[in-house]
Each structure stands twice: as structure tokens, then as C-alpha cells.
Amino acid sequence: MRLSQFFMPTLREDPSEAQIVSHKMMMRAGMVRQASAGIYSWLPLGLRVLRRVETIVREEQDAAGCLELLMPTIQSADLWRESGRYDDYGKEMLRIRDRHDREMLFGPTNEELITDIFRAYVRSYRDLPKLLYHIQWKFRDEIRPRFGVMRGREFLMKDSYSFDLDFEGAKRAYNKMFVAYLRTFARMGLKAIPMRADPGVIGGDMSHEFIILASTGESQVYCDRALTERDVLGTAVDYGADLQTEVDRWTTPYAATDEMHDAAKAAALGDRLVEARGIEVGHIFYFGTKYSKPMNATVAGPNGEPVLVEMGSYGIGVSRLLGAIIEASHDEAGIVWPDSVAPFAVGLVNLKPGDGACDRLCDDVYARLRKAGTEVLYDDRSERAGVKFADMDLIGLPWQVIVGPRGAKGGQVEVKRRASGARDELGVDAALARIAR
RNA sequence: CGGGGCGUGGCGCAGCCUGGUAGCGCACCUGCUUUGGGAGCAGGGUGUCGGAGGUUCAAAUCCUCUCGCCCCGACCA
């Protein structure tokens with residue numbers, strides 16, 4: 001993509017309404033534009049990252065045996081009356097009336113809809129277990145949205161739902177999602193720590209929040225240092241195997257949010273205690289028959305008797321993750337995208353468009369990167385060098401290839417790694433090899 | 001919803017207290033010069049001063065109402 005053809009309205013100054021670094025940088029990089037409080041338009045650069053994050057989430061859900069479907073944003077109030085949540089949910093739910101004065105709502109979550117789909121078709125225990133998910137926009141009319149996409153009213157969420165015959169089955173589903181979540185966040189370059197969450201009325205220990213550590217996080221968290229030092233992606237996962245040992249390995253060391261904090265247990269860790277700020281990016285929980293019972297979602301059991309299905313749900317805040325990733329990965333100059341979610345892998349900077357040597361070298365690098373399937377943003381604008389450097393650092397592409405008249409005469413380009421700032425003068429072949437590595 | 005703050009050109013802001021018909025920086029357009037970290041000079045365009053009423057000879061400025069946005073609190077992926 002040539003920057004002169006792209007749409008990336010960067011800002012030199014921080015917009016006054018943005019308070020936290022991720023919000024400021026997303027606005028300055030031209031990723032999003034606020035449409036109204038807590039509601040955002042996604043501009044091309046932001047949408048690219050959103051799609052990449054979404055893709056990683058999808059791939060890991062698929063790998064865990066979760067099946068994708070897509071439910072609507074607008075739901076009927078009737079289903080929510082069945083579960084009893086229409087009245088319970090309160091003002092956070094955006095309620096709408098259609099032209100026939102039917103009561104509708106913009107879904108804040110989808111337990112009712114998925115349970116309705118399930119009960120309509122699944123009749124026998126032989127059809128279990130089922131693990132279904134979708135990635136869809138949600139709306140929660142937060143009293144006070146803030147922090148950009150971190151706490152918007154409209155947000156993109158991945159929500160999965162498990163259906164099992166009994167508690168043991170539900171636990172297997174829970175463990176699959178637990179492990180899938182570890183891998184999902186690790187692939188985005190994040191250290192996500194599972195922490196015991198308040199299980200609410202259900203009780204038990206099957207509710208975890210996945211928290212990433214970032215100095216600007218919304219809540220205080222505590223954990224064993226060992227949890228922050230683990231290599232999650234080193235070994236492949238067999239989702240057909242029993243994952244309990246792996247889950248235990250993560251849930252045994254101490255890790256808690258403020259609400260669940262046990263000062264005595266934390267103190268026992270000594271210098272292994274990490275006290276940090278955290279951002280919740282995922283939440284998984286088992287809730288048994290909370291919805292299957294009022295909505296009468298049963299299957300025929302082995303003896304022919306109806307059995308209420310055991311359910312769980314598993315959420316990931318997809319749009320929120322963009323803010324969280326930036327909070328966890330930025331510097332003074334701007335965003336530092338992890339390779340896996342970067343909007344482009346490489347930024348190619350032509351310091352002097354119109355200069356024969358610079359243009360030829362850039363065209364060559366651009367063509368060869370594209371041929372290799374590498375996504376590259378080519379800054380071919382007739383801007384000053386400083387502007388190009390500042391923009392490129394701001395939007396945080398992992399690699400920069402800088403072509404200026406100084407090196408171009410000798411066929412040399414400069415390769416800069418955004419994360420470390422390391423720069424090297426290389427020939428084109430060596431530069432391409434460096435990036436491909 | 002309670003408490004506080006702010007709405008002035010695309011962005012960031014001054015002007016408001018003490019009414020006199022709108023300004024600064026950046027951005028944008030034209031020309032020349034510059035050209036490896038947000039250039040210089042010259043010229044140019046840009047505003048229903050959030051909206052509606054009111055007071056006044058005169059309102060960005062004073063008064064009333066209203067809408068939007070931001071911050072603190074309760075809520076939340």
C-alpha cells in the first residue's frame with residue numbers, strides 16, 4: 001500500500017478528550033474516530049489491526065474445536081424475559097422498539113440466543129458436547145464510557161458457549177477454553193495471567209479472568225512471578241487430551257485481582273510477589289443450568305429422561321484488546337506493534353521521492369516485499385524526513401526500511417527494528433533477509 | 001444518576017471576568033528556497049463562536065433553557 005493512496009489521518013497533537021496512552025495513540029495514528037460517547041468508527045489502519053486480532057482469536061477457537069456461527073446484534077426482548085434477565089439487566093441494556101412497537105434490544109451478550117438455538121435443534125446426549133462461538137458487536141450502555149476502545153459502549157467481543165451433559169463435561173470445555181485463551185493472548189505478544197474471579201451465585205472455582213499486565217491497567221493485581229515467565233507457545237496442545245494438569249499448573253501459583261486478594265498468601269511469596277496494574281481481556285466461567293433451566297434446554301439422557309444441559313461462557317474483548325496491546329507495548333514516540341497484530345509488517349520510507357536512486361531502490365524493495373507476501377506500507381509522500389519518521393514511529397510497524405539519497409547511491413538501505421530501535425545499513429538482499437527472518 | 005469542567009476554522013488553544021462585530025500556533029492552498037527526525041520566507045482560504053430564546057443601540061462575552069463531550073464516583077469484556 002502506498003501511503004499517498006492510503007487513508008491514515010495522523011495527528012500531531014493529542015486530542016483533548018483522550019486520557020490514556022492507548023486512546024491518545026489510536027487517535028493520533030488515525031486508527032479510530034469517536035462517533036459518539038463510547039462508540040467508534042474504525043479507520044483503515046485501525047481496522048487492519050482489529051482484523052488481525054480477530055483472526056488470531058478465531059484460529060485459536062477453531063483449533064480448540066469451537067465452532068463459529070454468527071448471531072444478530074438485535075434481539076427480541078421475549079427471550080430475555082424467559083431467562084428473567086430482561087428486568088434484571090437494568091439500564092445498561094439498550095432497549096429499542098420497532099415500528100410494530102415490539103420490544104427489541106441491542107445485545108449486550110448472547111446466552112439467551114445461543115440457548116434458544118441449542119434447544120431448538122439438539123435433542124440427544126449423543127450430540128454433546130457442543131462448543132459454539134461468534135465474534136459480534138455488543139452494546140452495553142455504560143454510565144460512563146471512557147478510555148477509548150478500552151471501555152466503549154459498543155465493542156467487538158468473541159463469546160463462546162459450551163453445552164455438556166454433566167459437570168465433568170463442562171469442566172473439559174472450560175479447560176479447553178482456558179488453554180486456548182493462554183495461547184490466544186500469547187500470540188498477540190501479551191503476558192496474560194489467569195486469575196480467580198468471583199464465581200458469583202454459582203460458586204466453585206470455575207471462573208477466571210485473563211489479565212494482562214500494563215502499568216496503566218484499570219485494577220491492581222498480584223501474582224507469583226513464575227506465572228509471568230512462562231513460555232506458552234513452546235509446546236503444541238492436544239485438545240483431545242485431558243488438560244487438567246495444564247490448567248492446574250496455572251491455577252496453583254498465587255494470582256488474584258484486588259477483589260479476590262489474600263494478603264497473607266501474597267506475602268508468603270516473598271520476593272516472588274509481583275504487584276502490578278492489570279487489564280482484563282478475557283473472562284471464562286461455568287454457570288451450570290442458570291439459563292438451561294429457565295429456558296428449558298434439555299437433551300434426552302442415556303435412559304431417555306430429559307437432562308438440563310450444563311453450560312459455560314467464555315468472552316474475549318476483541319476491540320478492547322487493541323487498547324490493551326498498546327498499553328502494554330508503546331514508547332514515547334508511539335505504538336510498538338507485536339509482529340502478529342501489526343497493520344503492516346514493514347514501513348518503507350522514501351526520504352526523497354523524485355530522486356532517481358531513491359525511487360528505483362524503493363520500487364525494488366516494495367515489489368520484492370510484496371512478491372514475498374509481506375504487507376508493506378510505502379511512504380511515498382513528498383513530506384519532510386522528520387514527518388515521515390515521526391509518523392512511522394507513531395504507527396509502530398515492526399520494521400522500517402529507510403531509503404535516503406545518502407545510501408541509495410551505493411544501493412544501501414537502512415533497516416530499523418521499531419521495538420529496539422536497532423538500525424543497520426544493508427544492501428537490499430540482506431535487508432530483505434533480515435526482515436524475513 | 002450525583003459532583004465538577006469544557007464546547008471558538010481540520011487539530012490544539014486565547015479572547016468571555018470588564019459587551020463594540022473574532023485571533024494565535026499547527027494543518028491546508030500557491031510560489032520560491034530547503035531536504036536523514038514534525039523546515040524558512042512571501043502570499044492565500046477557512047468560522048452559522050454547540051443550539052434555541054432573552055437582555056441591549058450592539059452578545060463569543062451577560063441571563064435562561066437545551067444538546068454534546070470530558071473528568072471523579074457507583075457499573076463493566
Side-chain angles (χ1 to χ4, degrees), chain A residues 9-20 23-24 27-28 30 33-39 53 57 88-93 107-110 135-160 181 185 192 197-198 200 207-212 218-219 257 259 278-285 313-324 332-334 349-355 358 379 381-394 400-408 412-414 416 421 423 425:
Chain A
T10 55
L11 302 176
R12 187 168 178 168
E13 295 172 272
D14 290 332
S16 60
E17 73 260 28
Q19 303 299 317
I20 61 169
H23 190 191
K24 288 176 182 172
M27 302 282 288
R28 283 192 54 209
R33 173 177 170 80
Q34 179 164 309
S36 63
I39 302 176
V53 168
V57 170
D88 293 349
Y89 217 92
K91 292 189 170 180
E92 266 193 26
M93 181 188 281
T109 179
N110 286 65
I135 299 174
Q136 178 63 291
W137 292 92
K138 304 291 192 291
F139 195 91
R140 292 183 192 171
D141 200 358
E142 301 287 341
I143 292 165
R144 187 156 83 85
R146 57 186 129 173
F147 305 151
V149 300
M150 293 268 287
R151 198 175 306 178
R153 293 194 292 173
E154 186 183 62
F155 56 96
L156 188 62
M157 180 175 168
K158 187 287 298 179
D159 41 326
S160 311
Y181 275 33
F185 300 126
D198 184 352
S207 176
H208 285 87
E209 294 177 354
F210 285 75
I211 307 274
I212 69 160
E218 59 201 335
S219 53
T257 58
E259 304 84 63
I279 300 169
E280 182 183 352
V281 290
H283 195 164
I284 61 177
F285 54 96
S313 81
Y314 316 89
I316 290 179
V318 175
S319 48
R320 157 178 274 206
L321 267 168
L322 273 75
E332 286 294 302
V349 181
N350 188 342
L351 286 179
K352 193 170 185 181
D355 176 274
C358 286
D379 190 349
R381 297 174 302 173
S382 49
E383 285 288 346
R384 300 179 63 80
V387 173
K388 297 189 173 199
F389 289 135
D391 273 348
M392 203 50 84
D393 286 347
L394 174 64
Q400 295 175 14
V401 176
I402 298 156
V403 179
R406 212 169 58 196
Q412 296 285 107
V413 301
E414 188 173 301
K416 174 179 163 184
R423 305 151 167 268
E425 288 262 345

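Labels below follow one simple rule: chain letters A, B, ... track the order of the sequence lines, proteins then strands, and each chain is numbered from 1.
Distance noted for atom P between B/C72 and B/G50: 25 Å (whole Å). Comparing B/G20 with B/G15, their C1' atoms sit 14 Å apart, to the nearest whole Å. Separation of the C1' atoms belonging to B/U35 and B/C41 is 16 Å when rounded to the nearest angstrom. If you take atom C1' in B/C13 and the same atom in B/G47, they sit 15 Å apart, rounded to whole Å. B/G12 and B/A27: their C1' atoms are spaced 11 Å apart (whole Å). When the C1' atom is used for both B/G45 and B/C26, the distance is 16 Å, rounded to whole Å. Nucleotides B/U61 and B/A74, compared at atom P, are 37 Å apart to the nearest Å. The C1' atoms of B/G51 and B/C6 are separated by 16 Å, rounded to the nearest whole Å.
Of all nucleotides present, none satisfies the Watson-Crick or G-U wobble test against B/G45 with each distance under 3.5 Å. Pair assignment for B/C75 gives none, since no Watson-Crick or G-U wobble pairing has each distance under 3.5 Å. Within the shown strands, nothing qualifies as a pairing partner of B/A58 under the Watson-Crick or G-U definition with both distances less than 3.5 Å. If you check B/G10 for Watson-Crick or wobble pairing at under 3.5 angstrom, you find it paired to B/C26. Summarising the base pairing, B/A39 is matched to B/U33 through a Watson-Crick or G-U wobble pair whose two defining distances lie under 3.5 Å.
The side chain of A/R146 approaches B/A74 more closely than any other nucleotide in the set B/A74, B/C76, B/A77. Of the candidates B/A77, B/G37, B/C71, the closest approach to any side-chain atom of A/Q19 belongs to B/C71. The nucleotide whose nearest atom lies closest to any side-chain atom of A/E383 is, among B/C28, B/C71, B/A77, B/C28. Among the nucleotides B/C72, B/G36, B/C13, the one closest to any side-chain atom of A/S16 is B/C13. Distance from the side chain of A/I143 is smallest to B/C1 among B/G36, B/C1, B/G12. Nearest nucleotide to the A/R140 side chain, out of B/C11, B/G36, B/C76: B/C76. Among B/G37, B/A74, B/A77, the nucleotide with an atom closest to any side-chain atom of A/A385 is B/G37.
Annotation: side chain of A/H283 is not in contact with side chain of A/S313 (no heavy-atom distance under 4.5 Å). In this structure, the side chains of A/E209 and A/T257 come closer than 4.5 Å at one or more pairs of heavy atoms. Annotation: side chain of A/D393 is in contact with side chain of A/Q400 (closest heavy-atom distance under 4.5 Å). The shortest side-chain heavy-atom distance between A/E383 and A/D391 does not fall under the 4.5 Å cut-off. Considering only heavy atoms from C-beta on, A/F139 comes within 4.5 Å of A/I39 through its side chain. Contact of the A/F210 side chain with the A/I284 side chain is registered, since non-hydrogen atoms from C-beta on lie closer than 4.5 Å.
Residue contacts for A/G152: at a heavy-atom cut-off of 4.0 Å it reaches a base atom on one of the strands shown. Within the nucleic acid shown, A/E142 comes within 4.0 Å of at least one base atom, counting heavy atoms only. Using a 4.0 Å heavy-atom criterion, one finds that A/P9 contacts no nucleic acid atom at all. Residue-level contact check: A/S319 touches neither bases nor backbone, having no heavy atom under 4.0 Å from any strand. When heavy atoms are screened at a 4.0 angstrom cut-off, A/V318 is found touching no nucleic acid atom at all. Across all strands, A/E13 comes closer than 4.0 Å to base atoms (heavy-atom distances). The residue A/A390 sits close to a base: some heavy atom pair falls under 4.0 Å. Residue contacts shown for A/R153 are absent, as no nucleic acid heavy atom lies under 4.0 Å away.
Phosphate proximity of B/U34 to A/R384: absent, as no side-chain N or O sits under 4.0 Å from OP1 or OP2. Considering only side-chain N and O atoms, A/R144 lies nowhere under 4.0 angstrom from the phosphate OP1 or OP2 of B/C70. Between A/Q34 and B/G68 there is no side-chain N or O to OP1 or OP2 distance below 4.0 Å. When the side-chain nitrogen and oxygen atoms of A/T109 are compared with OP1 and OP2 of B/A77, none of them lie within a distance under 4.0 Å.
The interatomic distance linking A/E414 (CD) with B/G37 (P) rounds to 11 Å, in whole Å. Here the P atom of nucleotide B/G36 and the CD atom of A/Q400 are 17 Å apart, to the nearest Å. Atom CE of A/M27 is separated from atom C1' of B/C70 by 12 Å (rounded to the nearest Å). Per the geometry, CD1 belonging to A/I20 stands 14 Å off C1' belonging to B/C70, to the nearest Å. If you take OH of A/Y89 and P of B/C75, they are 14 Å apart, rounded to a whole angstrom. Summarising the geometry, the separation between CD on A/E154 and C1' on B/C76 is reported as 16 Å, rounded to the nearest angstrom. Rounded to whole Å, atom P of B/G37 lies 9 Å from atom CG of A/L351. Rounded to whole Å, atom C1' of B/G36 lies 16 Å from atom CG of A/D391.
Between A/R406 and A/F155, the one whose closest nucleotide on RNA chain B sits nearer the 5' end is A/R406. Projected onto RNA chain B by closest heavy-atom contact, A/G404 and A/E209 fall at different nucleotides, the more 5' of which corresponds to A/G404.
The distance from atom CD of A/E280 to atom CD of A/E218, rounded to the nearest 0.5 Å, is 7.0 Å. With values rounded to the nearest 0.5 angstrom, A/K138 atom NZ is found 6.5 Å from A/T109 atom OG1. Atom-to-atom distance recorded for A/S382:OG and A/N350:CG is 10.5 Å, nearest 0.5 angstrom.
Taking only distance into account, the side chain of A/D393 meets the base of B/G37 through a donor-acceptor pair shorter than 3.5 Å.
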